[in-house]
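Treat the numbers as computed from the prediction; the structure is a model and nothing was measured. Chain A is the first sequence line, chain B the second, and so forth, proteins listed ahead of strands; every chain is numbered from 1. Computed from heavy atoms alone, side chains included, the values below leave out hydrogens, waters and symmetry copies.
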Amino acid sequence: MSESTLFLVTFIFYFLAAFFYFSYFFSKKENLAKTGFSIAFIGLLLHTAALIMRTVESGHAPFTNMYESLSFLAWSAILAYVIIEWKFKIRKAGALFMLVVIAIMALASSPLMPKEATPLVPALQSYWLWLHVSVTLLGEAFFALAFVTSIMYLVADSKEKKGKAKKTGISSEKLDSISYRCIAIGFPLFTLGGLVFGMIWAYYAWGSYWSWDPKEVWSLITWFVFALYLHTRIVMGWKGRRSAYIAVLGFLAALFTYFGVNYLLAGLHSYA
Amino acid sequence: MKSLIKFFSSVKLAIVLLIIITCASILGTLIPQQRSAAEYAVRYGQLAGLLIRLQFTNLYHSWWYNGLLFLFSLNIIICTLNRLSPKFKRVFQPRLRFETKNINSLKIREKFRKNWNLARTREELGREFSARHYRLKEEKKEARSFLLARKKTLGLFGSDIVHLGLLIILAGGIISGLGGFKADLTLFEGQVLPVPKADFQVRLDKFETEFYPDGRVRDWKSTLTVLENEKPQLSKIVEVNHPLAYQGFAFYQSGYGWDWESPSLEIWVKKRKDPSFLRKLEFKVGQRVSLGDDDIQLIALHFLPDFIINDKNEITSRSNEPNNPAAFIEGWQDEQRIFSGWIFAKFPDFARIHSEKEMDLTLELRDFKSSQFSVIQASKDPGVNIIWIGCGFLMLGLALAFYWPIREVKVILEESHGKTEVTAGGIASKNRDAFQSEFEKIMTSLRRSK
Ligand code: HEM
């Protein structure tokens, strides 16, 4: 099986997982969510195989163009989900989160994204590429999960306020705490991958660890937003709605760092 | 003074500063930085002058942005120091005589009576705690014993270590900014250049470009030798991502180019009417060569690597890459110019030769050679190691703050009539569920032990 077929099969598995999660969302039958989880897990394994194949075929890290990088982001997102689901059982979030993953996969497979593996330009030939990109994207995957749980929190909270909450759902309080836990995992990862490894690599490749390049600045902005989240929460005791808004904002900043900067602002980072 | 300290120890100030710095940073990415005044005038019209005066066009190096960072640092320092002494006190001189109501207000707590005397209960409890790596502090008073069991106390300082790391990074940035410098060295093979602000030289031994089979660049490699008093000290192949480090200096592969001033050209001269006529001439730009017969002499006056006629109808080179190499040739006979014009290496049929008379000669630019140079960036950055140390603290602090949360259990043992009343409560700011189950395990196993 070729890498592109494997990618397609993975995509189908994610679709099926989303289908089961949505059925669960509406019918509340536990078994449907369990099936969805198993399918997503198999999807993750297939996706892993596809990434390994890509790496072996191209001879370099599987995130050097937008298609590869999106595929890796989707993989990180599923990995993050599997970890969080296994720890906290957030089945209700599955449906919404699968939608996010499917959107990323769809973007990756769109004809706008060139799929062929091209040889690496000199600046990318470094093992720091592996460390910098994989750890950063993994961190961002956790931010994505925090985003989804925060949105669900906002919905659940307004339902609870109106007294319309169903007993079966996750309580808004639990969603709030899961959202925090995701950020507690994502923040150190993002700091390590995005800022620390980024600075080290920039030092070796460009001769200075920080150049105020737009992508660097936007990583910093993302980081500041999550620092804001942590301090308002830990020191000032903010919780709930206000925390959720900051988490949403933080993810949007991360999203802009990832996409927006490449397409809207020019800079040193323009090749990846 | 006191109110100033109070002002700077406030987390609200931190949040305000964080928001302002974030918004300013966003602006800095939307306004292109460090361009010419003319470009801003085109882009922003009337506003341009104001933007430049307020340093929005060089925002990250402006006094006010750096002033904000300075205030932010001050905020971190004072806020962190302010909270440090209560933390030290909590760790090294904890109050052990807590009140029962103190424990009763905790969310995680338990109370039961054990059929043992105090000493035995204390021993068993101690064993349970140390099996789970808790350290104990104890105080006795009459028939009561106060126990404080703790572990992962270092986690309490996670945030302080994060803040310390940040300060070190900011300090490193200042040192880099003040003491660092960069210079581009343009070196031809064999050339030796002194390194600015250093007492050694570098020599380029070799420069080569490697290509992938499809013609894309795989790598640029410069073999550099460091010389001190003309004695070679060290040689290394410098390529992108692999700088050479020497005495606090780093040398990067930063660019390359060709000396297009005096390339050597290979030109083939043919005659339309005489196919057997062929002269292969090799000469440098600026040199005059004789064709051999008819007393015709050729001279190449200009060479452009990337010929283009721009929109002002001027002939120039679009880039320094040899994408469309062209040479301007003149032909002379009897001190008279008989023809002149451009010939193109990639378009041999498209010569633009002007000639007074009917001309039988055709000229082809077959090849051109020019010496290539490598641009090596020499830089000295005295702050960089400080930055790495700061990053180390930052990551260590994050790990401690998020994954090494302090665990504390307060216990009061009170003996009456040979039995002991156990009142215990646990404090956990993070990951409370895991802590609660550990707490319950300890208490259950004490309750059940015979
Ligand atoms: C971008 C800059 C900053 C970063 C990345 C940062 C990071 C952190 C982190 C990771 C924590 C630990 C959070 C936790 O335990 O979950 C923390 C706690 C804290 N930070 Fe910051 N911080 C920053 C700036 C500041 C500033 C300027 C102040 C000054 C007012 C401040 C005050 C605090 C306080 C009071 C705590 C609670 C610490 C405790 O008592 O344990 N932080 N910070």
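For CH2 of B:W64, the number of neighbouring non-hydrogen atoms (other residues, nucleotides, ligands) closer than 6.0 Å is greater than 12. When the shell of 6.0 Å around NZ of B:K12 is examined, it contains 12 or fewer heavy atoms from other residues, nucleotides or ligands. The number of heavy atoms from other shown groups lying within 6.0 Å of CZ (A:F259) is above 12. In this structure, B:E210 places its CD atom where more than 12 heavy-atom neighbours from other residues, nucleotides or ligands lie under 6.0 Å away. Counting heavy atoms of neighbouring residues, nucleotides and ligands inside a 6.0 Å radius, atom NZ of B:K236 exceeds 12 of them.
Scanning both residues, A:G207 and B:Y252, for their nearest heavy atoms gives CA-CZ, 3.1 Å. Taking each heavy atom of A:P188 and B:L398 in turn, the nearest pair found is CA-CD1, 4.0 Å. Nearest heavy atoms, B:Y403 versus A:A184: OH-O, 2.9 Å. In terms of heavy atoms, A:W201 sits closest to B:N241 at NE1-OD1, 2.9 Å.
For the atom pair CG (B:L17) and CZ (A:F224), the distance works out to 10.5 Å, reported to the nearest 0.5 Å. Expressed to the nearest 0.5 Å, how far CD of B:Q377 lies from OG of A:S208 amounts to 7.5 Å. Note that CD1 of A:I221 is 11.0 Å distant from CG of B:L18, once rounded to the nearest 0.5 Å. We find the CG-CD1 distance between A:L228 and B:I19 to be 5.0 Å, quoted to the nearest 0.5 Å. Interatomic distance, CZ of A:F197 versus CE of B:M395, reported as 7.5 Å (0.5 Å rounding). Here the CD1 atom belonging to B:I15 is positioned 6.5 Å from the CH2 atom belonging to A:W238, to the nearest 0.5 angstrom.
With respect to chain A, the highest number of heavy-atom pairs below 4.5 Å among B:S25, B:S379, B:A14 belongs to B:S25. Contact tally against chain B (heavy-atom pairs below 4.5 Å) for A:M236, A:Q125, A:H231: the top residue is A:Q125. Of the listed residues (B:H242, B:K182, B:Q33), the greatest number of heavy-atom pairs within a distance under 4.5 Å of chain A belongs to B:K182. Highest contact tally toward chain A, considering only B:S254, B:S176, B:S159, is held by B:S176 [criterion: heavy-atom pairs under 4.5 Å]. Each of A:I200, A:T232, A:L220 has some count of heavy-atom pairs under 4.5 Å with chain B, and the biggest count is that of A:I200. Here B:I387 is the residue among B:I169, B:L394, B:D433, B:I387 with the most heavy-atom pairs under 4.5 Å with chain A.
Both the backbone and the side chain of B:D219 come within contact range of chain A, with heavy atoms under 4.5 Å apart. Both the backbone and the side chain of A:A227 come within contact range of chain B, each with at least one heavy atom under 4.5 Å from a heavy atom of that chain. With a threshold of 4.5 angstrom between heavy atoms, A:I234 approaches chain B through side-chain atoms but not through N, CA, C or O. Only the side chain of A:L230 comes within contact range of chain B, with heavy atoms under 4.5 Å apart. Contacts between B:L59 and chain A at a heavy-atom distance below 4.5 Å are absent for every atom of the residue.
Taking the six-membered ring for Trp and the full ring otherwise, the centers of A:W210 and B:Y60 sit at least 6.0 Å from each other.
Classified by interplanar angle (parallel below 30°, tilted 30° to 60°, perpendicular above 60°), the ring pair A:Y209/B:W388 is perpendicular.
Residues meeting the salt bridge (charged side-chain N to carboxylate O under 4.0 Å, His left out) test with B:D214, sequence neighbours left out: B:R216.
Here the side chains of A:V235 and B:R83 are in contact, with some heavy-atom distance below 4.5 Å.
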Full working for side-chain contact (heavy atoms from CB on, under 4.5 Å) between A:Y204 and B:V240
CA-CA 8 Å; A:Y204 282 112; B:V240 183; over 6 Å; no
